[in-house]
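Okay, structure first, notes after.
Residue numbers start from 1 in every chain, and the chains themselves are labelled A, B, ... in the order their sequence lines are given, proteins ahead of strands.
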Amino acid sequence: MKLSLPLAMLLALSLAPAARAANEADYKSAYSAAEAASKEAASLRHQWTVTVSALAAAKKAGDGGDFNRAVAAAKEAEALAKASIFQAISEKEAWKAMEIR
Amino acid sequence: MKARSSILLGSLSAALVAFALTSARVVAADKIDPVADAKAFQNFFFQKFPTVKHEDFVNGPYSMNEDMKRQWQEKEEFPPYEFALDAGKEMFATPFKNGKTYADCFPNGGIGIRQNYPYFDEKEGKVVTLELALNRCREANGEAPYSYVKDEMASLTAYMAFTSRGKPMDIKIPDDPRALAAFENGKRYFYTRRGQMNFSCASCHVQSPGERIRAEILAPALGILNAMPIYRSEWSGMGTTSRRFVTCNSQTRAVPLDPQADEYRDVEYFLSYVANGLPISGPGARP
């Protein structure tokens with residue numbers, strides 16, 4: 001009975017799917033999504049420096065064969081780029097709230 | 001029946017009057033009115049800082065903090081921009097290879113004219129800043145343009161500002177829809193949040209002048225360009241208006257535009273126009 005908790009944990013861990021290491025295809029797909037979002041942000045003239053840095057970090061890790069790191073950085077870049085696109089769109093009207101009248 | 005018709009007619013008239021009044025307000029809100037904008041802008045700062053003399057706003061953070069002001073006044077005895085000023089004076093007088101000088105490109109030989117820049121060029125349909133005009137002068141005379149962000153450009157504009165010290169900023173907006181659009185575009189740029197920090201120019205220089213951001217005291221937006229170019233201890237050197245815009249963008253983690261991009265020219269037009277009447281104080285020195 002005392003062993004039931006450790007055993008249950010062991011069983012749960014053995015049944016859980018092992019985290020798969022990212023491969024080159026995962027990286028290319030994540031990078032291309034991030035790059036597209038980043039280009040859209042730049043075309044709206046709302047690019048963030050952190051997006052550019054995250055994208056560069058993804059490329060560097062991808063070129064070095066560290067696909068886990070490359071995918072993580074690409075996903076971060078995509079999220080940042082999407083946030084900057086949201087900012088660009090919302091600010092089209094929101095800036096007026098700050099105006100001195 | 002008659003009473004009912006009267007009530008109906010009365011309600012209809014009231015609704016029409018209300019609609020007419022609302023429409024007029026909407027039209028007024030959308031109309032580009034630089035005179036009203038400048039008045040509101042100046043009043044905002046005058047009311048927010050009632051003890052600051054109006055002409056003192058051009059001294060940026062020193063107008064907000066007495067201790068800093070005293071330190072600055074002592075520093076002004078041997079100002080850190082003096083080297084740039086001397087260099088600018090010499091450069092301004094030195095002829096180009098074709099024998100002409102900067103004086104040939106500007107009204108009044110380029111002396112005492114800083115307060116009229118930027119201006120709206122009706123031929124080009126765009127705002128022309130002093131930095132842009134200087135580089136166009138160089139290129140028209142067969143010389144390579146200077147970097148917009150430091151060194152030579154800062155020295156030249158420092159000298160030109162110095163010859164205009166004390167003159168009230170005098171920016172004109174011609175009766176041209178493109179000029180009004182440029183003013184409005186500059187205003188939009190000034191108030192638009194950007195970068196990961198989600199800051200607009202106004203976040204610091206309208207909402208928080210006099211407050212500290214880390215170790216620095218934020219300058220008021222009113223008259224902020226009257227002191228340009230500036231020597232900044234943080235930069236260990238001189239910087240132009242272009243450099244100021246680029247640095248502000250980077251600090252909010254926004255990718256800066258190219259110096260003299262249309263947006264920067266327009267925001268310079270907006271900020272200079274709303275400072276009309278305040279004296280030129282450049283070149284300045286800032287922490």
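The local environment of CZ in A:Arg69 is sparse, with at most 12 non-hydrogen atoms from other residues, nucleotides or ligands closer than 6.0 Å. Heavy atoms from other residues, nucleotides or ligands lying under 6.0 Å from NZ of B:Lys69 number more than 12. For B:Lys48, the NZ atom sits in a packed shell: over 12 heavy atoms of surrounding residues, nucleotides or ligands are nearer than 6.0 Å. Within 6.0 Å of CG on A:Asp63 lie more than 12 heavy atoms contributed by other residues, nucleotides or ligands. The number of heavy atoms from other shown groups lying within 6.0 Å of CZ (B:Phe46) is above 12.
In this structure, CD in B:Gln196 is found 10.0 Å from CD in A:Gln87, a value given to the nearest 0.5 Å. Once rounded to the nearest 0.5 Å, the distance linking OG1 of A:Thr49 with CD of B:Gln251 reads 11.0 Å. Rounded to the nearest 0.5 angstrom, B:Leu257 CG and A:Gln47 CD are separated by 11.5 Å. From B:Asn198, atom CG reaches atom CH2 of A:Trp48 across 7.0 Å, with rounding to the nearest 0.5 Å. A distance of 10.0 Å separates CG of A:Leu80 from CZ of B:Arg253, quoted to the nearest 0.5 Å.
Of the possible donor and acceptor atoms, none in the side chain of A:Glu91 sits under 3.5 Å from a partner among the backbone N and O of B:Thr192. The backbone N or O of A:Ile100 lies less than 3.5 Å from a partner atom in the side chain of B:Tyr191, making a donor-acceptor pair.
Using a 4.5 Å heavy-atom cutoff, the side chains of B:Val255 and A:His46 are not in contact. Looking only at side-chain heavy atoms (C-beta outward), A:Trp95 and B:Arg188 come within less than 4.5 Å of each other. For the pair A:Met98/B:Gln207, a side-chain contact is recorded, criterion being any heavy-atom separation below 4.5 Å from C-beta on.
Highest contact tally toward chain A, considering only B:Ala202, B:Ala254, B:Ser200, B:Gly195, is held by B:Gly195 [criterion: heavy-atom pairs under 4.5 Å].
Between A:Glu99 and B:Lys187 there is a salt bridge, since a side-chain N of the basic residue sits under 4.0 Å from a carboxylate O of the acidic one.
Interface remark: B:Phe45 contributes side-chain atoms only to the contact with chain A (heavy atom separation under 4.5 Å). When heavy atoms are compared at a cutoff of 4.5 Å, B:Ser203 approaches chain A by way of both its backbone and its side chain.
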